[in-house]
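Worksheet: the structure to be examined is printed underneath.
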Amino acid sequence: MTIRRLAIIGLGLLGGSIGLAVKARGLAVTTTGWDRDASVRERAAARGLVGTVYDTPEAAVAEADLVILCVPVGAMGDAARAIAAGLKPGAIVSDVGSSKEAVATALAEALPGVTIIPAHPVAGTEQSGPEAGFATLFAGRWCIITPPEGADAQAVQALGDFWTQLGSKVEIMDAAHHDLVLAVTSHIPHLIAYTIVGTASDLEDVTQSEVIKYSAGGFRDFTRIAASDPVMWRDVFLTNKGAVLEMLGRFTEDLTALQRAIRSGDGDTLFDLFTRTRAIRRQVIEQGQDDERPDFGREHGS
Ligand code: NAP
């Protein structure tokens with residue numbers, strides 16, 4: 001199974017980056033695209049995110065061997081229904097959604113009888129829209145493929161090969177397990193960032209201007225994550241409810257234990273945890289998942 005023609009539905013950060021990566025890596029794949037927003041279609045065409053931007057979803061997916069839905073997870077069902085009439089027999093439909101069980105269900109309902117192989121490239125930024133994409137987004141990052149039970153092995157292989165050609169490392173995982181893992185590594189960290197930034201902005205005895213002025217003390221690193229797209233993240237929490245609530249329960253217990261340690265002056269507990277977490281940071285860097293330069297490689301004046 002060879003992918004010669006790829007249709008990208010949703011031409012924002014993820015969709016645009018896939019199109020640009022195909023071009024930059026010189027893959028022998030013709031790219032087409034569609035977005036529901038006419039202004040996004042215009043800007044995507046101007047940036048050359050895909051070879052041809054079409055005005056209708058059916059035209060964009062006609063003849064495509066692979067269609068990748070790059071819309072917010074809450075819009076996956078609508079996007080799938082929009083392309084249904086244009087799909088050629090045997091086409092693979094995939095997506096890049098950040099939660100996988102709910103998306104798999106939405107796609108299966110919208111496209112009965114179609115080969116659906118959901119996936120999630122674990123790569124992104126806090127930017128969105130057609131100007132945000134870049135060709136190297138997926139280089140060295142994991143792409144998790146979550147094939148439904150009984151999925152066509154050749155289709156899974158073809159999708160895995162495609163992501164490998166974009167520079168990703170590919171892992172196959174069960175959708176429910178994916179949702180649990182990503183709840184810990186991505187969804188809860190975003191929730192914590194949204195919370196701490198929200199709490200700081202609601203304080204009365206510390207002014208907002210003080211929060212911003214002294215943000216280099218740690219707060220500013222949360223503000224990057226908390227600047228992430230509100231639609232995307234609303235949908236992630238609504239569609240990965242079970243796993244997020246389960247992990248949030250664990251997190252709350254651990255937070256309460258820390259609260260107790262601080263109140264009772266239990267320095268050993270604090271020191272032991274902070275030592276373990278430092279080791280995790282070292283592993284993230286060793287595995288090439290972050291910039292090893294101090295302070296995330298920020299430039300500092302002399
Ligand atoms: P984005 O930059 O906002 O792009 C999404 C695009 O899809 C927008 O242009 C949006 O148009 C369009 N769209 C929305 N509903 C649509 C529909 N029914 N049919 C066609 N187009 C539609 O978002 P993104 O960051 O690329 O995220 C896309 C997907 O990637 C999400 O499922 C997200 O969970 C996943 N993901 C994101 C990241 C990340 O860091 N950002 C990382 C990995 C995976 P409007 O602006 O008009 O709504």
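Whatever order the structure lists them in is the order used to number ligands and atoms, beginning at 1.
- In this structure, V96 and L69 have side chains that are not in contact, with every pair of non-hydrogen atoms separated by 4.5 Å or more.
- The nearest non-hydrogen atom to atom 2 (O) of ligand 1, considering only S228, G129, A60, comes from G129.
- Within ligand 1, the atoms closer than 4.0 Å to a non-hydrogen atom of A75 are 15 (N), 18 (N), numbered from 1 in the order shown.
- In this structure the side chain of S94 never reaches within 4.5 angstrom of the side chain of I116, judged on heavy atoms.
- The hydrophobic clustering, which links ILVMFWY residues whose side-chain heavy atoms are closer than 4.5 Å, places I145 and L14 together.
- Ring centers of H120 and W142: at least 6.0 Å apart, outside the cut-off.
- Applying the 4.0 Å criterion to heavy atoms of M76 picks out, from ligand 1, the atoms 32 (O).
- By the criterion of a heavy-atom distance under 4.0 Å, both the backbone and the side chain of V73 are placed next to ligand 1.
- Using a 4.5 Å heavy-atom threshold, the side chains of Y194 and H190 count as touching.
- There is a path of hydrophobic side-chain contacts, each under 4.5 Å, that joins W163 to V22.
- When heavy-atom distances to ligand 1 are checked against a 4.0 Å cut-off, D37 comes that close only through its side chain, counted from C-beta outward.
- If you check which protein heavy atom lies closest to atom 19 (N) of ligand 1, you get W34 CZ3, 3.6 Å.
- Here the heavy atom of the protein found nearest to atom 40 (O) of ligand 1 is G124 CA, 3.1 Å.
- Protein heavy atom nearest atom 48 (O) of ligand 1, with residue, atom name and distance: R36 NH2, 2.8 Å.
- Interatomic distance, D35 CG to E42 CD, rounded to the nearest 0.5 Å: 12.0 Å.
- Remark: I192 CD1 to H187 NE2 distance equals 13.0 Å, nearest 0.5 Å.
- Between atom 38 (C) of ligand 1 and the options L137, D229, V122, L14, the minimum heavy-atom separation is to L14.
- Of all the heavy atoms of M232, the ones lying under 4.0 Å from any atom of ligand 1 belong exclusively to the side chain.
- Ligand-side atoms of ligand 1 in range of G97: 32 (O), range being under 4.0 angstrom from any heavy atom.
- For P72, the heavy-atom gap to ligand 1 drops under 4.0 angstrom.
- We find the CG-CG distance between L166 and D161 to be 11.0 Å, quoted to the nearest 0.5 Å.
- V50 places none of its side-chain heavy atoms less than 4.5 Å from the side chain of T32.
- Atom 5 (C) of ligand 1 has C70 O, 3.6 Å as its closest protein atom, hydrogens excluded (heavy atom only).
- Listed by number with element, the atoms of ligand 1 under 4.0 Å from a non-hydrogen atom of H120 are 43 (C), 44 (C).
- The nearest heavy-atom contact from the protein to atom 34 (O) of ligand 1 is S98 OG, 2.6 Å.
- Heavy atoms of other residues, nucleotides or ligands lying less than 6.0 angstrom from CZ of R281 number more than 12.
- A single hydrophobic cluster is not seen to contain both V284 and I225; linkage of ILVMFWY side chains at heavy-atom distances under 4.5 Å, directly or through other members, places them apart.
- For atom 13 (N) of ligand 1, the candidate residues are I8, V71, I9; the nearest heavy-atom contact is made by V71.
- Residue-ligand proximity: A132 is placed with every non-hydrogen atom at 4.0 Å or more from ligand 1.
- Note that the CD1 atom of I262 and the CZ atom of R260 stand 11.5 Å from one another [nearest 0.5 Å].
- Distances from atom 3 (O) of ligand 1 to the heavy atoms of C143, G12, S128 show the closest one on S128.
- For ligand 1 and V40, the ligand atoms under 4.0 Å from any heavy atom of the residue are 9 (O).
- In this structure, CD1 in I117 is found 11.0 Å from CD in Q154, a value given to the nearest 0.5 Å.
- For atom 9 (O) of ligand 1, the candidate residues are D35, L11, V236; the nearest heavy-atom contact is made by D35.
- By the salt bridge (charged side-chain N to carboxylate O under 4.0 Å, His left out) test, K241 is found to be paired with no residue, residues two or more places apart in sequence or in another chain being considered.
- If you look at E126 next to ligand 1, there are no close heavy atoms at all, none under 4.0 Å.
- Neither the backbone nor the side chain of S99 comes within 4.0 Å of ligand 1, counting heavy atoms alone.
- In summary, the side chains of D229 and S128 do present a donor paired with an acceptor at a separation below 3.5 Å, with no hydrogens or angles considered.
- Atoms of ligand 1 lying under 4.0 Å from any heavy atom of P121, numbered from 1 in the order shown and given with element: 43 (C).
- Closest to atom 25 (O) of ligand 1, if we only count protein heavy atoms, is L13 CB, 3.7 Å.
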Donor-acceptor pairs are to be reported for all side-chain atoms of residues 131-140 against protein atoms at under 3.5 Å, with residues two or more places apart or in another chain.
| unit_1 | atom_1 | unit_2 | atom_2 | d |
| --- | --- | --- | --- | --- |
| E131 | OE1 | R43 | NH2 | 2.9 |
| E131 | OE2 | R43 | NE | 3.0 |

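- Residue A123 approaches ligand 1 through these ligand atoms, each under 4.0 Å from one of its heavy atoms: 42 (C), 43 (C).
- Protein heavy atoms are absent from the space less than 4.0 angstrom from atom 23 (O) of ligand 1.
- Counting heavy atoms closer than 4.0 Å to ligand 1, residue Q127 contributes nothing at all.
- Residue-level proximity to ligand 1 for T125 is carried by the backbone, the only part with a heavy atom below 4.0 angstrom.
- Interface atoms of ligand 1 facing V96, defined by a heavy-atom separation under 4.0 Å, are 29 (C), 30 (O), 35 (C), 36 (N), 44 (C).
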